[in-house]
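For reference, the structure discussed in these notes is given below.
Residue numbering restarts at 1 for every chain, and letters A, B, ... go by the order of the sequence lines.
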There are 2 protein chains.
Amino acid sequence: MGETIQSVERAAAILRLLASGPRRLGVAELARALGLPKGTLHGILRTLVHVGFVEQDEASGKYRLGATLLHLGTSYLDVNELRTRAINWADALAGRSRESAWIGTLHEGHVLVIHHVFRPDDSLQTLQVGTYLPTHASALGKVLLAHDPYGEALDRPLEPYTKHTIVDPAALEEELDLVRTRGWAGETEELTEGEVAIAAPIKDPRGLVVGAIGIRGAVERLAPGGALHMEFVSYVRDAARAITRSLEHP
Amino acid sequence: MGETIQSVERAAAILRLLASGPRRLGVAELARALGLPKGTLHGILRTLVHVGFVEQDEASGKYRLGATLLHLGTSYLDVNELRTRAINWADALAGRSRESAWIGTLHEGHVLVIHHVFRPDDSLQTLQVGTYLPTHASALGKVLLAHDPYGEALDRPLEPYTKHTIVDPAALEEELDLVRTRGWAGETEELTEGEVAIAAPIKDPRGLVVGAIGIRGAVERLAPGGALHMEFVSYVRDAARAITRSLEHP
DNA sequence: CAGAGTTGTTCGGCTATGCCGAACGATGCT
DNA sequence: AGCATCGTTCGGCATAGCCGAACAACTCTG
């Protein structure tokens, strides 16, 4: 890749910084973080406000993300081919398993959730589309890591979420081997206490893994007595195979 | 507002163009649309790819939006104060009315949906957060238009969606007057056949309308015999008032 | 209540940034 | 095969836009 445009790259860095936390940031704060003069940064911010990517708080003068970004992000979902093809199967999977269904892709070392179907008959859930899941502590992530051609994200320290999270790199590698050989991944209370998840890989026509689909629910329902109900595993694998097949026939 | 940075503005224009349709676009196509030399445009695209805002199709070489935008857009939702405060009330409204609940803001002449709670006991719905609704053909939009300090978006032609859509500017103005005097808006099959909606304004501490909340559902349930059930109207107004009050006490 | 330290914003000069147009190789369509 | 169009590269010139200092408004502190 050749040279990139300075100001655009800087603008993107500003947006990432604003997105990294719920707090609104000021010009001086951003300038310090990026090591740029205040005046320079103000110019970029001014244009970002002009195009609607950033909004300025009238009272404090500080900056936050703008509403245009929400619309652009949603547009991405329409463009994403995997999601378009997989939506119907995710609905069916949620219906059959009576659990919430999830679809994710590997993105910058995280699992990006690109679809999420609520568990039937349960309205108090928040939608997780667009959020990140950790690769080493989610079933979706394990599937994606196991089939990732470049072993990114493995050199990063394995952050513990519960006492069951796999934090030893060697143990994780072993787990990924298991995922590769049997073709699906499980995760029992490694991300959230009381919740377990199952996932299987979705492949493109060339056989490359482009995403993963799975379900997530309470341990009492999915793994009573500690062992995963294989019935749920087959639901997930069926859905994954169906989507893989539908990607072959455009 | 002073001068803005050329390349950033151009980058934003590219993103808007890519978001405007589901089709992926090529360099030449974009260059023609924006009236820029191919070489110039390629440079901006290269940086947009580098920061993850745009992805390039390996096979065709054409460009589409990138996954980073989805994550940024979702981050906007966390930042949005109105949404953060209103989520719980929207859940309650959906539960009481047993219909889907919606929250929207005025943005670039459209209603931007910033929250959406599915109708209880109905799993086959797609989430509409981040999408646009027309201002003149939705209950949310009527509320926002009626209290918009600048009467934008009214000079635009009123596109018909069903045979009940208000297309006459004078008739719309009359409707907005009604909305202002009685404090809520109705919409009966003006956007989609068989669906009606109700909405009420959410105000910030200064009394300015910053958003609207409402419900949407089948005409048989919400307006049997053609007249809106006032019970639902009071649910919506209660929710709107509750959110308005909660914005006053931070 | 004053003043020291912030904050966001403006502006003009200098230079490095990045815009442009032409040329290249690959691909697709007739 | 031929032509047209694609995405990409490159170097020279000029201008876009970076920088640093100065500004006014504001918030804490002593």
Using whole Å, report how far [atom1] of [X] lies from [atom2] of [N].
{"X": "B:L41", "N": "D:dT8", "atom1": "CG", "atom2": "P", "result": "11 Å"}
{"X": "A:L36", "N": "C:dA16", "atom1": "CG", "atom2": "C1'", "result": "15 Å"}
{"X": "A:E9", "N": "D:dG17", "atom1": "CD", "atom2": "P", "result": "15 Å"}
{"X": "B:D57", "N": "D:dT8", "atom1": "CG", "atom2": "P", "result": "11 Å"}
{"X": "B:L30", "N": "D:dG7", "atom1": "CG", "atom2": "P", "result": "8 Å"}
{"X": "B:I5", "N": "C:dC19", "atom1": "CD1", "atom2": "C1'", "result": "15 Å"}
{"X": "B:L48", "N": "D:dT8", "atom1": "CG", "atom2": "C1'", "result": "16 Å"}
{"X": "A:L45", "N": "C:dT7", "atom1": "CG", "atom2": "P", "result": "14 Å"}

Next on the checklist: I'd like to know if the side chain of B:D204 reaches the main chain of B:L208, judged simply by a donor and an acceptor atom lying under 3.5 Å from each other, with no hydrogens or angles considered.
Outcome noted: yes

Next on the checklist: With a 3.5 Å distance limit and no angle check, can you tell me whether A:E55 reaches the backbone of A:A67 through a side-chain donor-acceptor pair?
Outcome noted: yes

When you check the phosphate oxygens OP1 and OP2 of [N], does a side-chain N or O of [X] lie under 4.0 Å from one of them?
{"X": "B:R10", "N": "C:dC20", "value": "yes"}
{"X": "B:H42", "N": "D:dG7", "value": "no"}
{"X": "B:T40", "N": "C:dG18", "value": "no"}
{"X": "A:Q6", "N": "C:dC19", "value": "no"}
{"X": "A:Y63", "N": "C:dT9", "value": "yes"}
{"X": "B:R32", "N": "D:dC6", "value": "yes"}

Item to check | Pair A:E9, A:T4: side-chain N/O donor-acceptor within cut-off below 3.5 Å | outcome: yes

Checklist entry - Can a donor-acceptor pair be found between the side chains of A:T131 and B:T74 at a distance below 3.5 Å? => result no

Checklist outcome for this item: With the side chain defined as heavy atoms from C-beta on, B:P37 is closest, among C:dG21, C:dG18, D:dC19, to C:dG21

Item to check | Candidates D:dG7, C:dT10, D:dC18 - which lies nearest the side chain of B:Q56 | outcome: D:dG7

Integer angstrom distance from the [atom1] of [N] to that of [M]:
{"N": "C:dA26", "M": "C:dA22", "atom1": "P", "result": "23 Å"}
{"N": "C:dG5", "M": "C:dT9", "atom1": "P", "result": "23 Å"}
{"N": "C:dC29", "M": "C:dG25", "atom1": "P", "result": "23 Å"}

Next on the checklist: I want to confirm an ordering. Mapping A:V8 and A:L25 to their closest nucleotides on DNA chain C, which one lands closer to the 5' end?
Outcome noted: A:L25

Next on the checklist: Tell me whether the rings of A:W102 and A:H116 are parallel (<30°), tilted (30 to 60°) or perpendicular (>60°).
Outcome noted: parallel

Checklist entry - Should the pair B:H110 and B:Y132 be assigned to parallel (<30°), tilted (30 to 60°) or perpendicular (>60°) ring geometry? => result parallel

Item to check | Spacing of NE2 belonging to B:H71 relative to CG belonging to A:L112, to within rounding of 0.5 Å | outcome: 8.0 Å

Next on the checklist: Regarding A:G43, tell me which of base, sugar-phosphate or nothing describes its non-hydrogen contacts under 4.0 Å with the strands shown.
Outcome noted: nothing

Checklist entry - On a plain distance test, is the side chain of B:K38 in donor-acceptor contact with the base of D:dG7 below 3.5 Å? => result yes

Checklist entry - Taking both distances under 3.5 Å as the test for a Watson-Crick or G-U pair, what stems of at least three pairs does DNA chain C have? => result C:3-6 with D:25-28, C:8-24 with D:7-23, C:26-28 with D:3-5

Next on the checklist: My understanding is that only one of A:L69, A:L65, A:L15, A:T68 makes a side-chain contact (heavy atoms from CB on, under 4.5 Å) with A:L48; could you say which?
Outcome noted: A:L15

